[in-house]
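Fair warning: this is a prediction, and the values are worked out from it, not measured in the lab.
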Amino acid sequence: MSNVADNSKSPEKPKHFIRQIVDKDLASGKHQTIATRFPPEPNGYLHVGHAKSICLNFGIAEEFKGQCNLRFDDTNPAKEEAAYATAIEEDVHWLGFEWNGNIRHASDYFDQLYGFAEELIEKGLAYVDELTPEKIREYRGTFEVPGKNSPHRDRPSSESLDLFRRMKAGEFSDGQMCLRAKIDMASPNINMRDPVIYRIKHQTHHRTGDKWCIYPMYDFTHCISDALEGITHSLCTLEFEDHRPLYDWVLDNISIDCHPQQIEFSRLNLEHTVTSKRKLNLLVTDKHVDGWDDPRMPTISGMRRRGFTAAAIRDMCERIGITKKVNTTEMGVLENSVREDLDKNAKRVMAVLDPVKVVITNYPEDKVEQLTAPNHPQKEEMGVRTLFMSKEVFIDRADFREEANKKYKRLVLGKEVRLRNSYVIQANDVIKDQQGNITEIHCSYDPDTLGKNPEGRKPKGVIHWVSATHSLSATVRLYDRLFNVPNPGAEENLPESLNPESLITLSNARIEMSVKDVEPETRFQFEREGYFCSDRYDCKDGELVFNRTVTLRDSWAKIENKL
RNA sequence: AGGGGUGUCGCCAAGCGGUAAGGCAACGGGUUUUGAUCCCGUCAUUCGUAGGUUCAAAUCCUGCCACCCCUGCCA
């Protein structure tokens, strides 16, 4: 659907602080052109929080006619897999962004990174430490207590160099030694207390295979990768604020002629969802959901399958803005963004989710009429579709009551209602089974009400329907929020706050014929119900499966609750 | 001997010394063959708080308070 950014008619975007910085850097001539990057670690699926970062990085590059790289931060072979990388690429593309040139990998720079490490050693700014991980932690000190120097801190750089080369050659085992930057064990910033920059890991890397058994740490890798790629603005989340001095220290102390500016912004938090990789993983592993792309998951692939459009996700990211404040966005913002997109772009169709049979007693037995209905009430250019009218139709159980107050505008015994895009009918009789469940409603119709109101009156309600004989059976999955609490991430026991009704599967739904050969991932508005999307995987071979993306706004529910 | 950040409406968020934008939500009303959409209207005398500077302060200064992040050979 609408996968292309529609920025054309948003006259002025809010100037958040990062745009202001970029503006200023361009105006002052600090940069002729800007370069950003989106640097995921290929160890999980992208989620809505990443979408914010993707939109920021790619968006700002696009806006200022710069470029944005896609770079996999693959420095920890123990956690990373090629399969994740493939999924990430697909998600970024689907969101509507194009990266600059080839995909980059931190692992592409392993040779250069190694060279810079040797340079630091030669300058006396890094040393090989043989303290155990436990000892390193102990020597690091605490927030209140300064750390103390490792006994190996002042060994000759020639010795460190030799040891570092032997580390690389595979002479030592994991954890036996590591390379540390020599900065300041007494720094109030713990990241500056001689951070480890290389560690030994006898582990096959998904791209470099067994070439390396030592791998650089994030703090050493990220800034150099940025510099090597000529990144001008390195945008990251708040928790890296304390790492910025280290980012700058590394670039200031190696022979490199580029020094990107790291700028931090706050992550996205969405009410009723979690975005921690660990928690998302738990949901999948413990089968609380049906995989990473379950439509209830806040992953990009999950939201896609649910029916959210890329444009809607981008729109939400624009609306929430960029600041350094800790924030929690209400679901309403995302929902508003999808509704706005889908209202404009989704074809309308009628589907009866919980069918009850209506027999139109005065309608000729074998007559089948073909009626024409617009695909969109406001957009004529979206064309029309054919509806089949017959003696027996289905309506939704919720649209009929034997008796009701005047607020209820649907079918009531003895009263009239409009069948949308068809005739006005009147309910005359109700047939029930032994348990008292309604099995049939007998109605009469007014043949002179097609496209016009009955003489002298106007039915107050309109309900949707499908022909009992000329309609299709469908499975409809009603999704709702995965968690009942606003901030599930803060919950001690995550599964306890799961919403038991996050998925309701209706297998007896009926839908109009026009949808017969629907392609997967087609979005519709089921009139009076909500926006639905044919399932990307399960809707095939004539089997119709739809996922509810979001309901329509429901002011009736509010009225009803007040009654 | 701690350090780094952040506080403007229920939720986001502009504002950058000249007298509180906007969006979402909410609440009224109108149009409507979707209780949808659309339209119209209401919604911060006050910016964490206490002082100070100034003709003028959300914006500058000082003190206090609250919240978030940091002690992986994770990113």
Side-chain angles (χ1 to χ4, degrees), chain A residues 14-16 20 39-41 43 73 75-76 78-80 129 131-133 136-138 140-147 174-180 186-193 195-201 214-215 217-219 221-222 236-245 264 266 271 277 316 318-337 339-340 343-344 348 350 373 376-378 407-410 418-422 424 449 451-453 458-464 525-530 551-560:
Chain A
K15 279 264 185 286
H16 58 64
Q20 290 181 28
E41 183 186 13
N43 71 341
D73 222 333
T75 57
N76 188 351
K79 294 186 172 182
E80 296 147 8
D129 198 357
L131 250 29
T132 62
I136 287 185
R137 194 181 320 124
E138 196 182 312
R140 186 154 35 225
T142 67
F143 293 145
E144 286 80 22
V145 181
D174 292 10
Q176 192 177 146
M177 53 187 76
C178 63
L179 184 68
R180 294 231 253 167
S187 172
N189 180 347
I190 291 180
N191 293 303
M192 300 298 269
R193 318 240 263 228
V196 172
I197 58 176
Y198 259 94
R199 76 291 217 187
I200 300 171
K201 265 182 197 290
I214 57 172
Y215 293 94
M217 300 285 289
Y218 166 84
D219 284 308
T221 309
H222 203 84
C236 63
T237 43
L238 252 30
E239 67 270 27
F240 291 102
E241 221 152 11
D242 287 341
H243 294 242
R244 187 168 5 112
E264 310 85 14
S266 52
E271 273 193 351
K277 272 181 193 168
M316 178 196 68
E318 191 57 55
R319 283 170 193 255
I320 60 176
I322 300 289
T323 65
K324 299 184 73 144
K325 247 185 299 195
V326 173
N327 62 85
T328 305
T329 296
E330 292 175 342
M331 266 298 176
V333 181
L334 211 209
E335 292 179 348
N336 175 262
S337 292
R339 289 193 182 113
E340 205 171 285
D343 172 60
K344 234 171 284 172
R348 277 89 287 196
M350 289 194 287
H376 191 288
Q378 280 88 229
K407 290 271 194 189
Y408 187 81
K409 302 200 298 186
R410 311 178 190 182
R418 157 80 61 187
L419 290 184
R420 179 140 169 95
N421 295 123
S422 179
V424 171
T449 52
K452 60 179 179 187
N453 282 322
K458 185 180 176 187
K460 58 179 190 277
V462 180
I463 63 172
H464 57 97
Q525 183 195 101
F526 288 1
E527 288 191 287
R528 303 210 313 126
E529 291 287 357
T551 61
L552 251 30
R553 268 194 191 87
D554 190 359
S555 56
W556 166 242
K558 286 179 195 167
I559 296 167
E560 204 178 19

Quiz prompt | Letter per nucleotide, 5' to 3', of nucleotides 26-33 of chain B [B base touched, S only sugar-phosphate touched, - untouched; heavy atoms, 4.0 Å] | solution = SSS----B

Return the polar atom pairs (N/O with N/O) between nucleotides 7-9 of chain B and the protein under 3.5 Å, or none.
from, atom 1, to, atom 2, distance (Å)
B:rU8, OP2, A:Lys325, NZ, 3.3

Practice problem: Scan A:Ala557 against the nucleic acid and name what it touches under 4.0 Å (heavy atoms): base, sugar-phosphate only, or nothing. | Solution: nothing

Quiz item: How would you list, by chain and number, every residue that makes a ring-ring contact (aromatic ring centres under 6.0 Å, His included) with A:His243, sequence neighbours excluded?
Solution: A:Phe240

Quiz item: With sugar-phosphate meaning primed atoms plus P, OP1 and OP2, does A:Leu334 contact a base, only sugar-phosphate, or nothing at under 4.0 Å between heavy atoms?
Solution: nothing

Exercise. Please list, chain by chain and in numerical order, all residues satisfying ring-ring contact (aromatic ring centres under 6.0 Å, His included) with A:His222, sequence neighbours excluded.
Key: A:Tyr218

Quiz item: Closest to the A:Glu330 side chain: B:rG10, B:rA75, B:rG35?
Solution: B:rG10

Quiz item: Listed by chain and number, what are the side-chain hydrogen bond (donor to acceptor under 3.5 Å, both in side chains) partners of A:Asn189, not counting sequence neighbours?
Solution: A:Asn191

Self-check item: Contacts of A:Ser555 that satisfy side chain to side chain contact (heavy atoms under 4.5 Å, CB included) - sequence neighbours left out
Solution: none

Quiz item: For A:Val333, what residues pass the side chain to side chain contact (heavy atoms under 4.5 Å, CB included) criterion, not counting sequence neighbours?
Solution: A:Met316, A:Arg319, A:Ile320, A:Thr329

Practice problem: Not counting sequence neighbours, which residues clear side chain to side chain contact (heavy atoms under 4.5 Å, CB included) with A:Lys324? List them please. | Solution: A:Phe17, A:Leu238, A:Glu241, A:Glu264

Exercise. Return the set of residues passing side-chain hydrogen bond (donor to acceptor under 3.5 Å, both in side chains) with A:Glu330 (not counting sequence neighbours), or none when no residue passes.
Key: none

Quiz prompt | Partners passing side-chain hydrogen bond (donor to acceptor under 3.5 Å, both in side chains) against A:Thr221 (at least two apart in sequence or in another chain) | solution = none

Self-check item: Partner residues of A:Glu138 under the side chain to side chain contact (heavy atoms under 4.5 Å, CB included) criterion, sequence neighbours left out
Solution: A:Lys135

Quiz item: Does the base of B:rU34 carry an N or O that pairs as donor and acceptor with the side chain of A:Glu529 under 3.5 Å?
Solution: no

Exercise. Heavy atoms under 4.0 Å is the rule here; annotate nucleotides 65-71 of chain B 5' to 3' with B where the base is hit, S where only the sugar-phosphate is, and - elsewhere.
Key: ---SBBB

